[in-house]
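Each ligand, and each atom within it, is numbered from 1 in the order the structure gives. These figures come from a predicted structure and were not determined experimentally.
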Amino acid sequence: MLRTSCRLSVNPARRVGASSACLVSRQIYNLPKHTPVTVTCCRSLHSTPKYSSASAVLKPSSPENSPTSAVSSHDHDLPVSRIDERKVIVGFPSGEWCRYHHIWLRDHCRCSECFHPVTKQRLVNTFDIPHDVKPVKVESKTEGLEVTWPSAQPHTSLYPWSWLRYNSYDPPLPREQGTEKILWGSKIAQSPPTVSYSEVMEQDDQGLFKWLSNIDKFGFSFVSGVPPTTEATEALVRRIGFIRETQYGRFWDFTSDLAKGDTAYTTLALGAHTDNTYFTDPCGLQLFHLLSHTEGTGGSTLLVDGFYVASLLKELHPTAYEILSRVGVPTHAAGEPGSLYTPTPQGAYPVLRHAKGELAQVRWNNDDRSVMNGLAPSELEEWYDAVRLWNKFLTSADSEYWVQLSAGTAVVVDNHRVLHGRSGFTGKRRMCGAYVGVDEYRSKLAVLQEKFAPDPVSQETASFATVHGRSLWNPAL
Ligand SMILES: C[N+](C)(C)CCCC[C@H](N)C(=O)O
Ligand SMILES: O=C(O)CCC(=O)C(=O)O
């Protein structure tokens with residue numbers, strides 16, 4: 001797969017339009033349409049400088065609003081710190097001046113009295129902290145900012161410098177983003193992300209990390225060499241975490257017998273969709289393993305990168321993108337007499353869900369869509385025009401990746417990003433698989449990243465703040 005890595009000065013606001021960068025890069029590089037492109041939004045990645053007496057660093061230049069009075073660092077290589085009326089001001093050698101409210105610092109003390117070292121839960125009672133709490137002393141230490149609080153017995157807190165920088169809010173400092181997303185179209189077929197079953201089942205978890213990293217980056221991954229049994233397939237899924245049970249059962253082994261009230265249990269073709277649009281919380285991952293298909297044809301698998309298609313729509317039809325990002329779509333699952341699923345609240349979830357200004361989830365299954373009500377009359381035709389454009393891009397030859405699965409090769413998709421479907425088929429076709437919740441998936445990935453690719457703050461604090469294998473200062477806490 002031709003991978004073009006481009007570093008573009010894409011401002012954060014357009015990060016959701018990674019596609020824009022994607023498209024821009026394609027124009028810059030005159031790439032064939034839909035060549036998979038790696039988009040790494042170019043920001044000054046917030047690295048975590050190490051403070052040591054060896055390094056000769058410049059003293060922070062004093063911007064107009066920086067403190068002018070004496071500061072507490074006698075070691076010229078350390079950040080300087082000073083108590084202000086409501087905040088502690090820290091001047092980092094790299095030149096930034098950051099301000100931290102006293103109440104905020106006291107609330108985030110992670111000494112063993114204030115923060116349970118094993119459970120990583122807050123012990124300090126936030127509401128016992130006086131609203132005007134103020135340190136009696138601050139001191140810049142090699143490990144971090146040491147703050148002494150007024151109390152009968154002096155209470156001292158230590159805040160690692162890397163943790164203070166990462167959590168800086170006044171001002172916010174640029175942060176290293178999560179893993180890059182590689183957006184793809186049909187050309188992904190040239191080199192689809194794949195790991196082997198034996199790698200994933202290795203107990204050292206390296207293969208498992210590779211598998212989940214693939215899913216995080218591409219939104220899907222194949223697993224080759226899977227023994228063609230439900231037992232081996234279930235063992236594979238359980239390497240990620242516990243299985244999400246639904247009205248379709250826990251680990252499914254299904255065929256076209258309408259054993260469950262859903263068209264998946266028929267021979268019908270299924271257009272590109274994400275599952276569980278009728279749940280408030282659609283599953284995170286979905287694994288499929290085709291165990292057998294005899295006496296018939298068809299039944300090939302369709303994969304589409306919903307983030308890629310959304311990026312094209314955003315770039316080429318921004319109005320349609322905006323409508324699909326705003327208008328909630330009512331959905332249901334009503335094929336089982338004993339259940340009637342609609343999300344809570346019904347009709348609250350658009351096709352394209354955003355979080356912090358970025359596209360976070362694609363939620364689309366036209367077959368499971370209920371009555372489009374709640375739309376203003378003027379919006380109704382606009383929505384249909386927008387979803388028609390969405391479908392046009394979704395079903396374009398450039399977006400669709402068709403693959404014929406066979407026993408031994410499983411595929412797992414990120415159900416919040418990659419849509420899947422199948423062609424109609426004849427004969428006897430047996431498919432097995434399972435759902436995994438989005439939080440179980442993300443948690444396992446976070447644990448593996450902590451082990452194999454720790455973040456700079458965890459790395460820097462590991463030597464003095466690790467309890468039960470996890471830094472008290474892990475940025476996720
Ligand atoms: C359980 N299994 C995956 C076989 C079928 C699930 C039913 C799919 C449903 N129409 C949806 O889109 O969620
Ligand atoms: O049978 C297949 O290949 C896929 C069925 C499907 O899309 C689903 O179960 O959600």
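Taking each of Lys260, Met431, Arg422 in turn, the one with a heavy atom nearest to atom 1 (O) of ligand 2 proves to be Arg422. In this comparison of Leu270, Thr266, Val411, Asp262, the heavy atom closest to atom 5 (C) of ligand 2 sits on Leu270.
Those atoms of ligand 2 with a heavy atom of His420 less than 4.0 angstrom away are 6 (C), 7 (O), 8 (C), 10 (O). Numbered from 1 in the order shown, with element, the atoms of ligand 2 that lie under 4.0 Å from a heavy atom of Gln286 read 8 (C), 10 (O).
Below 30°, between 30° and 60°, or above 60°: for Tyr265 and Phe254 the angle between ring planes is between 30° and 60°, a tilted geometry. Relative orientation of the Trp163 and Trp473 rings is perpendicular, given thresholds of 30° and 60° on the angle between their planes. Between Phe288 and His420, the ring-plane angle classifies as tilted under the 30° and 60° cut-offs. Ring planes of Tyr100 and Tyr169: perpendicular class, angle over 60° (limits at 30 and 60°).
Checking side-chain atoms of Ser370 against main-chain N and O of His332 turns up a donor-acceptor pair under 3.5 Å. The main-chain N or O of Gly271 is found under 3.5 Å from a side-chain atom of His273 such that the two form a donor-acceptor pair. Lys181 places a side-chain N or O within donor-acceptor distance of the main-chain N or O of Asp216, the cut-off being under 3.5 Å.
If you check which protein heavy atom lies closest to atom 4 (C) of ligand 2, you get Phe288 CE2, 3.9 Å. Protein heavy atom closest to atom 3 (O) of ligand 2, with residue, atom name and distance, is Arg429 NH2, 2.8 Å. Atom 9 (O) of ligand 2 has its closest protein heavy atom at Ala264 CB, 3.6 Å.
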Which N or O atoms of ligand 1 sit under 3.5 Å from a protein N or O, and how far apart is each pair?
unit_1: ligand 1; atom_1: 10 (N); unit_2: Asp262; atom_2: OD1; d: 3.4
unit_1: ligand 1; atom_1: 10 (N); unit_2: Asp262; atom_2: OD2; d: 2.7
unit_1: ligand 1; atom_1: 10 (N); unit_2: Asp368; atom_2: OD2; d: 2.9
unit_1: ligand 1; atom_1: 12 (O); unit_2: Asp275; atom_2: OD1; d: 3.2
unit_1: ligand 1; atom_1: 12 (O); unit_2: Asn365; atom_2: ND2; d: 2.9
unit_1: ligand 1; atom_1: 12 (O); unit_2: Asp368; atom_2: OD2; d: 3.3
unit_1: ligand 1; atom_1: 13 (O); unit_2: Asn276; atom_2: N; d: 2.7
unit_1: ligand 1; atom_1: 13 (O); unit_2: Tyr278; atom_2: OH; d: 2.6

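Checking only distances, His273 does come within under 3.5 Å of ligand 2, N or O to N or O.
Taking the centre and axis of the six-membered ring of Tyr166, the NZ or CZ atom of Arg175 falls inside the cone set by 45° and 6.0 Å. For the pair Arg363 and Tyr349, the cation-pi test (distance below 6.0 Å, angle within 45°) is passed.
For Trp104 and Tyr159, the ring centers sit 6.0 Å or farther from each other.
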